Structures are given as structure tokens and as C-alpha cells.
Amino acid sequence: MRKFIEYNYSELYYAYQGCCFLSLKLSWFKYAEKEQSSEASQKWLSKHFAFLTDHLLDIGEEDWVELIEYGNYEFEELTGANEKILKTVAETDSYTLTNQNVIVLASCLLDMSLDSVSYRLVKETECNEMIERIEGNLGSCLKNVFSAPESEKEGEETIIGILLSPKAKEDEKVAYLQKQQNKIWLDALEQKEVKSLALKCDVIEPTWASIIYYLNNVSNRLQMMCL
């Protein structure tokens, strides 16, 4: 049966259409996948998360959870489904890092109905594995994962986190932070370079202290560059 499952699934479909093919897949994932998982079966299930959610009763929640915990899956398109399964997917990094997938996971973990996501919301999930995944790919997430309107509502902690992150380029930080509705205080930052970047991103509260700092540091430096 292992050799059988390793054939191209589209060819299997035409050879075993309908109930016979469905029974074959269910039998494989229920009885054989855990011990005899193949690259082909892993790739197929990664592309068909809906198959998992459609057959919770046929195979069982605990069996699916166990497969995800010990398998090597990267689900390409998650859907709002069983809470325990989605939490397991988040905790095992078993998903492609896309806007839609992060929205689905954050919605589940926060018990909210979201149509956009931000770094702040990811942090609020308190799912360490998911947070580490996002922070390790922060530059890409700023461009491709976080989305408005939530992405324009970052808080002080996440604004500072973005400014300090070594995983995002300066132009990525500027493009993302310039859209923020919230501001932070200049004295919340310590390093001179970070303060200058924050001013460039326009995320500093406009106080006399921040204006004087800008005139004494950023403005003078820009003038010298133009000479």
C-alpha cells in the first residue's frame, strides 16, 4: 500500500474514482500514515487541509492531532475549523506563512473573528511558537502577512519591537511604520540610531523634546549630507 500511495494522486484519482478512492485515502491516513508516512502523502495532505476538516468524524480529532504533532506537514491553506487542530498546527509550525493562514490561526487563538492581522495581534495570542516564527521572518511579514486595518494599529511594544528587529530591513520598517495610527514617546527608546529611525518612520509623539532632538540630530545630519 505504501508504494500505491506514492504514485501521483491525480493518476490515482482517475484509476480509483469516487468512493473507492476516498476509502483508500481515509484508510491510509487512519491506519498507515503515522508509521509509513511518505513524501507524497505529506505533500498531498499539506495541499488539502480541507480533507482533514471534512473527515473529523471518519478518523477522529485525536488521531489527526497526533499526525500533525509527529508529521512533516506545511498546510498551504488553512480554514476555520476545529480549535484543537488549529492550535496544534500553530504550535508545530505546520503551515505556510501567509496572510490568510495567520488570520485563521490568530482568530482561533484569540477567539475573535478577524479579517486582518498585525504583529500586535500575533503577540496577543501568547503562542510562543507562532510568535517566534513571525519574529524570525519579520521583514517578510511586514510586507506580505500583516494587513490593514489591524496592521495600522500597532501598540508601543510592537512598534519598538519592529524598530529594534534585526530580521527586517530599514526600508521595510519605514514603509510599515509610516502608516501607524499610534505613536510612542521618544524617551521609550535608548539608542540614538533607533531614535532617528523612529523619527523617520513618524511614530514619535510630537513633543518639544522630540522636536529639539530632531533639530539637533536628524535635521543637522541631513543638512550635512546635502553639503
Side-chain angles (χ1 to χ4, degrees), residues 78 80 86-87 90-91 93 95-227:
L78 300 175
L86 286 177
K87 285 183 177 180
E91 291 167 356
D93 286 335
Y95 58 95
T96 303
L97 197 55
T98 65
N99 170 256
Q100 183 58 34
N101 284 347
V102 175
I103 287 176
V104 170
L105 293 174
S107 295
C108 172
L109 294 168
L110 295 172
D111 194 21
M112 299 170 62
S113 179
L114 300 171
D115 56 12
S116 61
V117 71
S118 65
Y119 184 27
R120 174 182 60 82
L121 287 174
V122 170
K123 295 276 283 186
E124 287 179 5
T125 67
E126 298 183 351
C127 177
N128 293 331
E129 296 82 3
M130 185 176 178
I131 293 170
E132 289 177 6
R133 175 96 179 268
I134 292 293
E135 291 180 339
N137 298 274
L138 191 59
S140 174
C141 290
L142 295 179
K143 294 186 296 183
N144 305 313
V145 174
F146 305 146
S147 54
E150 291 298 339
S151 64
E152 298 175 359
K153 304 175 185 177
E154 297 290 0
E156 179 178 338
E157 179 187 355
T158 49
I159 288 175
I160 294 174
I162 291 169
L163 289 169
L164 295 174
S165 175
K167 297 297 184 178
K169 299 176 182 177
E170 181 174 314
D171 61 328
E172 294 169 336
K173 297 176 182 180
V174 172
Y176 186 81
L177 291 176
Q178 282 183 335
K179 303 173 184 177
Q180 295 305 310
Q181 299 174 14
N182 299 317
K183 307 291 183 182
I184 63 174
W185 299 103
L186 185 65
D187 58 10
L189 304 172
E190 296 181 0
Q191 299 175 341
K192 183 176 180 180
E193 296 79 5
V194 180
K195 290 182 177 181
S196 298
L197 176 58
L199 288 165
K200 186 176 182 180
C201 295
D202 193 25
V203 290
I204 297 297
E205 288 283 1
T207 63
W208 281 116
S210 61
I211 292 172
I212 291 171
Y213 183 89
Y214 175 82
L215 293 174
N216 289 337
N217 294 274
V218 181
S219 180
N220 287 343
R221 189 171 63 185
L222 290 175
Q223 290 178 15
M224 292 179 62
M225 290 173 62
C226 293
L227 294 178

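Since we're looking at a predicted model, the values are computed, not measured. We count residues from 1, following the sequence as given.
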Step by step, would you call T98 with V145 a side chain to side chain contact (heavy atoms under 4.5 Å, CB included)? CA-CA 6 Å; T98 65; V145 174; 5.9 Å; no
Please check if the side chain of S151 supplies one atom and the backbone of A148 the other of a donor-acceptor pair under 3.5 Å. yes
Near Q181 CD, under 6.0 Å, is it more than 12 heavy atoms from other residues, nucleotides or ligands? yes
Hey, can you tell me if Y176 and F146 have their rings parallel, tilted or perpendicular (30° and 60° cut-offs)? tilted
L189 versus A198, closest heavy-atom pair with distance: CD1-CB, 3.5 Å
Which atoms form the tightest heavy-atom contact between Q180 and E154, and what is the distance? OE1-N, 2.9 Å
Closest approach of N99 and V117, non-hydrogen atoms and distance? ND2-CG1, 4.1 Å
Shortest non-hydrogen contact between Q178 and K200, atoms and distance: NE2-O, 3.5 Å
T158 side-chain N/O to G161 backbone N/O, donor-acceptor pair under 3.5 Å: no
Looking only at heavy atoms, which two atoms of A168 and L138 are closest? And how far apart? CB-C, 4.4 Å
Quick one, T207 and I212 - any side-chain contact, counting heavy atoms below 4.5 Å? no
Would you compute the distance between atom NZ of K183 and atom CD of E156 and round it to the nearest 0.5 angstrom? 13.5 Å
Between CD on residue E152 and OG on residue S118, distance to nearest 0.5 Å: 10.5 Å
A209 and L186: which non-hydrogen atoms are nearest, and at how many Å? O-CD2, 4.1 Å
Is it true that a side-chain atom of K173 and a backbone atom of S165 form a donor plus acceptor pair closer than 3.5 Å? yes
Tell me whether K167 at atom NZ has more than 12 heavy atoms from other residues, nucleotides or ligands lying less than 6.0 Å away. no
Spacing of K153 atom NZ and I159 atom CD1 [to the nearest 0.5 Å]: 13.5 Å
For a salt bridge (charged side-chain N to carboxylate O under 4.0 Å, His left out) check, start with the C-alpha distance between R133 and E129, then their side-chain angles and the critical distance, and finish with the verdict. CA-CA 6 Å; R133 175 96 179 268; E129 296 82 3; over 6 Å; no
Tell me whether the count of non-hydrogen atoms from other residues, nucleotides or ligands lying under 6.0 Å of CG in D171 goes above 12. yes
To the closest 0.5 Å, what do you measure between CD1 (I134) and OG1 (T125)? 9.0 Å
For L78, is there any backbone N or O sitting under 3.5 Å from a side-chain donor or acceptor partner on N101? yes
Applying side chain to side chain contact (heavy atoms under 4.5 Å, CB included) to Y95 and L97, what does each step give before you reach the verdict? CA-CA 6 Å; Y95 58 95; L97 197 55; 3.9 Å; yes
Is it the case that over 12 heavy atoms from other parts of the model lie below 6.0 angstrom from the CD atom of E157? no
Under 3.5 Å: donor-acceptor pair, side chain of E172, backbone of K169: yes
Could you walk me through whether V102 and M130 pass the side chain to side chain contact (heavy atoms under 4.5 Å, CB included) test, one step at a time? CA-CA 9 Å; V102 175; M130 185 176 178; 3.6 Å; yes
Report the distance from atom CG of L114 to atom CG of L105, rounding to the nearest 0.5 Å. 11.0 Å
State the CD-NZ distance between E135 and K123, to the nearest 0.5 angstrom. 4.5 Å
